[in-house]
Amino acid sequence: MTLRALSVVSEAYPLIKTGGLGDVAGALPAALAPYDVAMTTLIPGYAPVMAALKNTTVLHSYTDLFGTEARLVAGTTKGLDVIVLDAPAFYTRSGGPYGDAAGVDWPDNWQRFGALSRAAADLAEGKVGGPGFDVLHAHDWQTALAAAYLHYDGATVPSVVTVHNIAFAGWFPAHIFPALGLPDHAFQIEGVEYYGGVGFLKAGLHTADAITTVSPTYAEEIRQPDFGMGLEGLILARRDHVFGIVNGIDTAVWNPAEDPYLAAPYERRSLHLRRQNRAAIEECFGLSDGIGPLFAVISRLTTQKGMDVLAGTTDEIVAMGGRLALIGTGDHSIEASFNAAARRHPGKIGVKIGYDESLSHLLQGGADAILIPSRFEPCGLTQLYGLRYGCVPIAADTGGLADTIIDANAAALSAGVATGFLFDGVNKNGLIRSISHATNSFADRKTWRSIQEQGMRADYSWKRSGRQYADLYRRFAKEPAHMEIKTAEQR
Ligand code: ADP
Ligand code: GLC
């Protein structure tokens with residue numbers, strides 16, 4: 001029997017995306033469909049989302065949802081079944097989904113995402129707009145509160161909360177608590193209280209039936225203070241409910257053989273065509289020819305991503321004969337360091353501060369390697385795109401990077417299974433050593449080709465992970481007998 005899942009999330013590709021969360025939320029419905037899960041995605045009615053919505057039906061109107069009028073509008077768009085929370089006072093703004101154009105968080109984010117979470121619980125419980133859902137799947141702090149609403153409503157609908165990044169806690173001061181509409185007793189340590197205020201993510205982790213993280217290694221890491229960001233105790237206490245399910249990639253959107261953003265699409269057997277993409281990158285980033293590797297960076301420019309460390313190694317990269325093409329936005333001081341590096345090394349380092357989906361594809365399709373020196377990385381998607389595109393990942397040995405890349409050590413090379421380079425400890429020396437190792441391997445064309453091909457052979461589709469999510473939903477869904485009954489009938 002088809003299981004009906006409601007995924008509630010603050011971004012979903014191709015409607016709206018600021019990072020990997022959007023990619024994953026956009027890909028989940030198709031990943032689950034083969035396992036008889038019908039997923040509807042509830043998302044805020046940002047202007048581009050409203051503009052893209054087709055075949056709309058108004059499911060419900062709220063006269064006062066966190067102080068504003070709002071509607072739940074069902075529709076289809078860009079291959080997704082969505083329900084949009086149309087609340088212009090909250091979501092029709094210039095700027096991003098989380099903050100203004102300068103990157104400052106919207107001050108009413110607790111209302112914007114509190115409202116989204118409340119609406120998700122209402123929909124899942126069948127209080128508004130239909131019969132409800134069999135399971136609710138919330139993502140990160142922006143929607144984790146939905147699990148708490150289900151819990152304190154005494155609802156039977158099970159909830160799954162996925163941690164894409166535990167560093168963002170969704171903490172707000174205690175005075176917002178009454179406006180959340182939760183019972184008084186919810187404001188305690190065994191509830192939504194967190195460091196004297198309200199923790200949206202904490203509330204979800206405390207109340208969800210299942211917690212997932214986006215890689216098995218990150219699921220282990222967040223039990224430790226270095227990675228748990230204050231939530232390690234809760235994760236440890238709930239360890240029997242914590243599951244690590246690695247992200248897949250949308251192999252239709254990220255397919256080097258049919259990628260419209262590439263100057264020359266190619267496959268494993270026609271890797272020589274990548275040269276044309278490299279030439280397009282050189283032109284776009286103002287780079288001159290070179291015999292060393294062309295490194296790419298496609299990243300938020302933050303300390304999580306180790307971009308401060310990388311910015312400090314640009315002179316060494318050039319000294320080793322490498323070139324660098326970078327696209328990203330983030331901390332202004334890191335942006336400034338990369339801009340300064342580009343000025344010091346014209347023709348060798350090209351920097352574009354900004355966000356550009358098409359350039360991100362071109363870089364994967366033409367650069368030799370992608371640098372990902374993250375201090376922590378719940379999963380990471382750019383290494384998966386790199387693997388699929390023959391753009392060899394050079395990455396920190398942490399989280400999902402550790403789970404998806406096979407380091408080119410001597411044993412892996414001789415067994416022919418290496419797919420990239422992993423290094424311990426995100427610091428200047430470690431990074432330089434790894435880049436130097438990769439640069440030497442690059443000079444050995446046969447070895448490099450084998451690493452590229454091995455990465456391209458690997459399966460990073462959603463097949464396995466889609467099944468894992470479907471199994472998890474069924475384990476907690478209110479009619480867990482669905483599967484067994486079906487099997488029994490078949491017998
Ligand atoms: P995170 O979500 O932590 O930023 P991920 O590796 O999971 O990291 O996902 C990042 C996603 O955002 C990838 O799809 C990547 O290609 C994309 N991305 C990051 N920065 C940029 C940029 N400046 N321009 C285009 N795409 C970007
Ligand atoms: C977060 C994490 C990233 C992960 C993405 C999608 O943004 O930082 O590692 O790949 O979510 O799950």
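Because the structure is a prediction, the values reported are computed rather than measured. These values consider heavy atoms only, across backbone and side chains, with no hydrogens, waters or symmetry-generated copies.
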Contact list for residues 18-66, test ring pair (Phe, Tyr, Trp, His ring centres under 6.0 Å), sequence neighbours left out: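 Checked against ring pair (Phe, Tyr, Trp, His ring centres under 6.0 Å) - neighbours excluded - the pairs reaching residues 18-66 are Tyr46-Tyr91, His60-Tyr62.
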
Problem set entry | All pairs passing salt bridge (Lys or Arg N to Asp or Glu O under 4.0 Å) where residues 12-24 contributes a residue, at least two apart |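 Listed once each, the pairs are Lys17-Asp23, Lys17-Glu357.
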
Partners passing side-chain contact (heavy atoms from CB on, under 4.5 Å) against Ala25 (at least two apart in sequence or in another chain):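 side-chain contact (heavy atoms from CB on, under 4.5 Å) check on Ala25 returns Val9, Ala12.
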
- Task: State whether the number of non-hydrogen atoms from other residues, nucleotides or ligands found under 6.0 Å of Asp184 atom CG is greater than 12.
- Result: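 Counting other residues, nucleotides and ligands, CG of Asp184 stays at 12 neighbours or fewer.
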
Evaluate Tyr385 against His361 for ring pair (Phe, Tyr, Trp, His ring centres under 6.0 Å), listing each step before the verdict. CA-CA 9 Å; Tyr385 302 143; His361 284 244; 7.3 Å; no

_side chain to side chain contact (heavy atoms under 4.5 Å, CB included) for Tyr355 and Arg300? Distances and angles first, verdict last._
CA-CA 9 Å; Tyr355 193 94; Arg300 292 188 281 120; over 6 Å; no

* Asked: Pick from Phe172, Trp171, Phe168: which one makes a ring pair (Phe, Tyr, Trp, His ring centres under 6.0 Å) with Trp141?
  ->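 The ring pair (Phe, Tyr, Trp, His ring centres under 6.0 Å) with Trp141 is passed solely by Phe172 among Phe172, Trp171, Phe168.
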
*Between Lys305 and Glu377, is the closest basic N to carboxylate O distance under 4.0 Å?*
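Yes, charged N to carboxylate O under 4.0 Å.
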
Shortest non-hydrogen separation from [X] to [Y] and the atoms involved:
{"X": "Met39", "Y": "Ser7", "answer": "SD-CB, 3.6 Å"}
{"X": "Gly204", "Y": "Val161", "answer": "O-CG2, 3.9 Å"}
{"X": "Phe285", "Y": "Leu326", "answer": "CE2-O, 3.3 Å"}

Note to self: Quick check on the 6.0 Å ring-centre criterion: do Phe113 and Phe200 meet it?
What the structure shows: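 Ring-ring flag for Phe113/Phe200: false, centres at least 6.0 Å apart.
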
